[in-house]
Structure formats: C-alpha cells, structure tokens
Amino acid sequence: MKFKFKSNSISDKKTILALKKGEIWAFKSIFNEFHLKLYHFSKKMGLTHEDAEGIVQDVFVTIWESKSKIDEKQPISAFLYTIAKRKVLKKVRRIVVEKSHLSSLIHPNKNINHETEDYVIFTNLLEHANDSIENMPPDRKQIFMLSKHNGLSNQEIADKLGISKRTVENQLYRATVSLKKEINSDFMNK
C-alpha cells in the first residue's frame, strides 16, 4: 500500500523527500506544523486531553514508521488526518466496549444500553461518508478536504489553488449534494 501526499510548494516537497530519507529536521517540521491541528481534531471527535495527546503521538509514530511509503505528490494533511481519524475511531470503539463491559459487570440485570447500537450506527455512517469522500473526483475532494478538514474559507481555498471563489463554492455544493445523496440512498434502503 502506497500512502499519498500532495505538496503545494517546493519546500513541502523537499521536506517530505527528506522525511523519506529519515531526516529528523523534516519530521520535526511536519510535527510542528500539524501536531496542534491533529490534537484539536481528536478533541473535536470527543476524546479527552490525554487520549487526544496519545492519538497525536501514535499518528507521528506511524508517519515515522511508514516514511518510505509516502508519495510526496499528495497532500500530507489528508494523510495525517486519515491516520488520526482511524486511530480516533479505534479508540472510541475501545472506550464504548470497555464502558459497556463495565456497565454489564456493575448492573448485570439492567436492560441493554442503546449507546452501543447508536455508536455502531454512527461509525457506519461516518465510514460511509469517508468512503464517499474518497470516491469524489480529485479536485472536488481536495477542495472539500481543505474546507472541512483544514477549515479554510472559500476565498483561502481559491487563493491557494489559483481558482475562482465561485468554482470553490460550486465544487463544495456538488460535494455536499453527492455526499447527502449517497448517504441517504444507502441508509434509507437498509
């Protein structure tokens, strides 16, 4: 499996190439740019301070361990957020299972809690949404990720990609419509 990044500038590309060669300065550069963003992303997903810090640490361990598989032509941010998302979901699943198990030990005769069922539905929905995003046309996906994951405004995206703000708005609209359509069609038919 080849991981993909995209570099928008020569210096980003040089940093990723240096990381692939095992250069510590390159790793530190990527860490300094993204560790707080990944921490806040993990916190927004409902993790505690300690768990969010652990996720960030795990993400950067994974980056270091898989540095040779990095494709410098793809966005590093998407790669980092994908790793973080997977690790957060794994952690949340573990927390839910632990709470459910603990609850069943404390209250063995109590009716089954619906939290687990709700969590499974939520994670299935989230995984389906992420699959739908992955299947978007590359330009639309890039604009969507810059908006929703990186929190850039439409104007910032337009400036960064050298396109009009209207094009950004159109692509975000189309991404949202297709995402809603796919989620609704799949989950309404179940």
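Residues: numbered from 1 along the sequence shown.
Nearest approach of Val88 to Ser42, heavy atoms of both residues: CG2-OG, 3.7 Å. Looking at every heavy atom in both residues, Ile133 comes nearest to Met145 through CG2-SD, 4.0 Å. Considering all non-hydrogen atoms of both residues, Glu23 and Trp64 come closest at O-CZ3, 4.3 Å. Summarising the geometry of Leu38 relative to Ala84, their closest heavy-atom pair is CD2-CB, 4.0 Å, with the distance given to 0.1 Å. Looking at every heavy atom in both residues, Trp25 comes nearest to Lys14 through CH2-O, 4.4 Å.
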- Message: Could you walk me through whether Thr62 and Lys87 satisfy the side-chain contact (heavy atoms from CB on, under 4.5 Å) test, starting with their C-alpha distance in whole Å, then the side-chain angles of each, then the deciding distance to 0.1 Å, before giving a yes or no?
- Response: CA-CA 10 Å; Thr62 301; Lys87 290 189 178 295; 3.2 Å; yes
- Could you walk me through whether Phe31 and Ile63 pass side-chain contact (heavy atoms from CB on, under 4.5 Å), step by step? CA-CA 10 Å; Phe31 178 84; Ile63 290 288; over 6 Å; no
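Remark: side-chain polar atoms of Ser178 are paired, donor with acceptor, to backbone N or O of Ala175 under 3.5 angstrom. Formation of a donor-acceptor pair under 3.5 Å by the Glu156 side chain with backbone atoms of Ser153 is found in this model.
Its side chain within the 4.5 Å cluster rule, Val177 clusters with Tyr173 among the Ile, Leu, Val, Met, Phe, Trp and Tyr residues. Listed by chain and number, the hydrophobic cluster partners of Leu36 come to none, as no ILVMFWY side chain reaches under 4.5 Å of it.
Applying the salt bridge (charged side-chain N to carboxylate O under 4.0 Å, His left out) test to Glu65 and every residue at least two apart in sequence or in another chain returns nothing. Residues meeting the ring-ring contact (aromatic ring centres under 6.0 Å, His included) test with His40, sequence neighbours left out: none. Applying the salt bridge (charged side-chain N to carboxylate O under 4.0 Å, His left out) criterion to Lys67, with sequence neighbours excluded, gives no partner residue. For Glu134, the side-chain hydrogen bond (donor to acceptor under 3.5 Å, both in side chains) test picks out Lys141, with sequence neighbours left out. Annotation: side-chain hydrogen bond (donor to acceptor under 3.5 Å, both in side chains) contacts of Lys37 (sequence neighbours excluded): none. Lys91 pairs by the side chain to side chain contact (heavy atoms under 4.5 Å, CB included) definition with Leu47, Asp51, Ile55, Arg94, Ile95, not counting sequence neighbours. Listed by chain and number, the residues in a ring-ring contact (aromatic ring centres under 6.0 Å, His included) with Tyr81 are Phe41, His149 (sequence neighbours excluded). Partners of Glu33 according to the side-chain hydrogen bond (donor to acceptor under 3.5 Å, both in side chains) rule, which considers only residues two or more places apart in sequence or in another chain, do not exist here. Residues that satisfy the side-chain hydrogen bond (donor to acceptor under 3.5 Å, both in side chains) test with Arg174, not counting sequence neighbours, are absent from this structure.
Atom-to-atom distance recorded for Met136:CE and Ile143:CD1 is 11.0 Å, nearest 0.5 angstrom. Residue Lys69 holds its NZ atom at 9.0 Å from CZ of Phe79, rounded to the nearest 0.5 Å. Leu89 CG to Lys85 NZ: the interatomic distance, rounded to the nearest 0.5 Å, is 7.0 Å. Atom CD of residue Glu53 and atom NZ of residue Lys43 lie 9.5 Å apart, to the nearest 0.5 angstrom. For the atom pair Lys160 NZ and Ile157 CD1, the distance stands at 9.5 Å (nearest 0.5 Å).
Contact annotation: the side chain of Val92 never approaches that of Met45 to less than 4.5 Å [non-hydrogen atoms, C-beta and beyond]. Taking the side chain as every heavy atom from C-beta outward, Phe34 and Val56 never approach each other to under 4.5 Å.
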Side-chain donor-acceptor contacts of residues 161-172 below 3.5 Å, not counting sequence neighbours, with atom names and distances?
residue: Ser164; atom: OG; partner: Thr167; partner atom: N; Å: 3.0
residue: Ser164; atom: OG; partner: Thr167; partner atom: OG1; Å: 2.8
residue: Arg166; atom: NH1; partner: Glu169; partner atom: OE1; Å: 3.4
residue: Asn170; atom: ND2; partner: Arg166; partner atom: O; Å: 3.4
residue: Gln171; atom: OE1; partner: Arg140; partner atom: NE; Å: 2.9

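Clustering ILVMFWY residues whenever any of their side-chain heavy atoms sit less than 4.5 angstrom apart, transitively, puts Ile16 in the very cluster that holds Ile24.
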